J.: 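Take this structure first; my questions come after.
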2 protein chains.
Amino acid sequence: MRTKHRDTATGRDDTLGTRERVVRATSALMQRQGFDGTGIKQIAQEAGATLGSVYHFFPGGKQQLAVAAVRHGDREFADLLREILDSEPDPAAAVMACTRSLAEGLRESDWVDGCPVTATALGTAGRFPDIQQAAAEAFEHWHALVLDKLRAAGIRDEDADDLAWTVINTLEGAELTAQVSRSVKPLEAAGRHLARLITLYQQAATTP
Amino acid sequence: MRTKHRDTATGRDDTLGTRERVVRATSALMQRQGFDGTGIKQIAQEAGATLGSVYHFFPGGKQQLAVAAVRHGDREFADLLREILDSEPDPAAAVMACTRSLAEGLRESDWVDGCPVTATALGTAGRFPDIQQAAAEAFEHWHALVLDKLRAAGIRDEDADDLAWTVINTLEGAELTAQVSRSVKPLEAAGRHLARLITLYQQAATTP
DNA sequence: AACCTCCTAGAACGAACGCTCTATCTAGAG
DNA sequence: CTCTAGATAGAGCGTTCGTTCTAGGAGGTT
């Protein structure tokens, strides 16, 4: 029954298992519409699955779906972030490359694909601790990646941790502002200023 | 019928008109639960109004309610921002005071009251242009306030505009990260680094 | 008195929601 | 072949959604 054909219109890949297709559809839909704006029947339709299949793989219902979607978004952005950070030896240049990549992704999606976990996490702030914790763990993973890069570049340990948080914060906020404003300007400014900040702490580390 | 009594349990103020009570309830609820997570009947109940009253003042329905709520959040945060910026002559110290204020607000609300426009705007990204534009205007208003402060402190015009965007971006992102992580650490780091960045551009302006 | 405008009140509608349920299909083991 | 567990299929449950609708109350003007 399952064909090896890729549906170019919806981006759905029938070679993936049902569970994976459902997770990806949930992630994509909640990224755009948030938790409450996304229906399970809509997820099933987008994934090319039926309601029975969805509840077979996710007996915990919508909440379990959201947690899986957030974790998927976590891995997805972590892979992108790792790739970009590895491609540039200089951390300042690497962070600027990140802002360019985020800007490109936003523009290509006509300003609808923002951070894959923010929309889901924000709408469920105090209501579903599981979802919130999955989102918090995503931020921590991304922070760890940036932290490694900063430390490898010689930035002092006591500076690097906070600086890595500011990098994540600013990327997050700039993407959000850029999306709402439909302009890459906030992301461009963020890249320039983060690069400036990073080189500042690099100099501080080499001249004690 | 209308008493002059303030309901200390719900925070509802009966001395306000119905329309204003509805707007405030919408703003508060959508700040926590987003657009789709907030029902009109819930708004009516929280505001101490009936469904008929809500639709009398907002015949445009939920969409019009959301726009009014975002504009209310815009004014609310603009007032706070203006007050803090005016209380500190040094822009770096003023921005740090902002991060402290945001951290305090988050902690007091048990991490549920984040930015009053983000949750509403994110969930309606591509669907309701009116809401998105109201949110974009809010960011512009806040940006203008920071921009004035930076210029008044002598920062070069060509630097100040981008720098003001990064301040807004980073405040936004840090509040978001702090809320999800239930920790003030991201906000504290943001305050320190923004202050550092601002003084850097101040020095650049005085030593050509 | 009558009248008019503003506002309040909530029943009722069709649609969509999350979820449960039973039934059927498929594939591999024996 | 039969047996079984995993996966698929979708009708239907009760509830809630946004919205519409009609009816009534409050207060001022004529």
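Chain A is the first sequence line, chain B the second, and so forth, proteins listed ahead of strands; every chain is numbered from 1. Computed from a prediction, not measured in an experiment: that's the story for all the values here.
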J.: Please state how far atom NE2 in A/His56 lies from atom P in D/dT8, giving the value in whole angstrom units.
T.: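 Rounding to the nearest Å, NE2 of A/His56 and P of D/dT8 are 7 Å apart.
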
J.: Could you check how far CZ of B/Phe57 sits from C1' of C/dT8, rounded to whole Å?
T.: 9 Å

J.: Any side-chain N or O of A/Thr18 less than 4.0 Å from the OP1 or OP2 oxygen of D/dT8?
T.: yes

J.: Give a yes or no answer on whether the side chain of B/Ser181 reaches the backbone of B/Ala178 with a donor-acceptor pair at less than 3.5 Å.
T.: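 Pair absent, no side-chain N/O of B/Ser181 close to backbone of B/Ala178.
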
J.: Would you kindly give the CG-to-C1' distance between A/Leu29 and C/dG18, to the nearest whole Å?
T.: 16 Å

J.: Pick the nucleotide of DNA chain C nearest each of A/Gln42 and A/Pro59; which residue has the one closer to the 5' end?
T.: A/Gln42

J.: Can you figure out which of D/dA11, D/dT8, D/dG18 approaches the side chain of B/Tyr55 most closely?
T.: D/dG18

J.: Which whole-number value in Å describes the distance from A/Ile40 CD1 to C/dC17 C1'?
T.: 9 Å

J.: Rounding to a whole Å, what distance do you find between A/Asp36:CG and C/dG18:P?
T.: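 To the nearest whole Å, that distance equals 9 Å.
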
J.: Within this structure, what is the NZ-to-C1' distance between A/Lys41 and C/dA15, rounded to whole angstrom?
T.: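 Computing the A/Lys41:NZ to C/dA15:C1' distance gives 10 Å.
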
J.: Would you mind reading off the bend of the helix from C/dA1-D/dT30 to C/dG30-D/dC1 from its two end axes, five pairs each, to 10 degrees?
T.: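 End axes: 20° apart.
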
J.: Classify A/Gly61 by what it touches in the nucleic acid, base, sugar-phosphate, or nothing, heavy-atom distance under 4.0 Å.
T.: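 Here A/Gly61 touches the backbone only, sparing every base.
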
J.: Can you tell me the distance, in whole Å, between the NZ atom of A/Lys62 and the P atom of C/dG18?
T.: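 Taking atom P of C/dG18 as the reference, NZ of A/Lys62 is at 4 Å.
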
J.: As a quick check of understanding, evaluate side-chain hydrogen bond (donor to acceptor under 3.5 Å, both in side chains) for A/Glu137 and A/Gln133, giving each step before the final call.
T.: CA-CA 6 Å; A/Glu137 286 168 5; A/Gln133 193 185 333; 3.1 Å; yes

J.: Decide whether a cation-pi geometry holds between A/Arg127 and A/Phe35; the criteria are a distance under 6.0 Å from NZ or CZ to the six-membered ring centre and an angle within 45° of the ring axis.
T.: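 Negative - A/Arg127 is either too far from the ring of A/Phe35 or too far off its axis.
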
J.: Give a yes or no on this: more than 12 heavy atoms of other residues, nucleotides or ligands lie within 6.0 Å of atom CZ of B/Arg182.
T.: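 Atom CZ in B/Arg182 is crowded, with more than 12 foreign heavy atoms closer than 6.0 Å.
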
J.: Rounded to whole Å, how long is the line connecting atom CG of B/Leu16 with atom P of C/dC7?
T.: 15 Å

J.: A/Gln31 side chain to A/Gly114 main-chain N or O, any donor-acceptor pair under 3.5 Å?
T.: yes

J.: I need the B/Gln64 CD to B/Ile131 CD1 distance, nearest 0.5 Å.
T.: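 Nearest 0.5 Å value for the CD-CD1 distance: 11.0 Å.
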
J.: Angle between ring planes, A/His143 versus A/Trp165, binned at 30° and 60°: parallel, tilted or perpendicular?
T.: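 Ring orientation of A/His143 relative to A/Trp165: parallel.
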
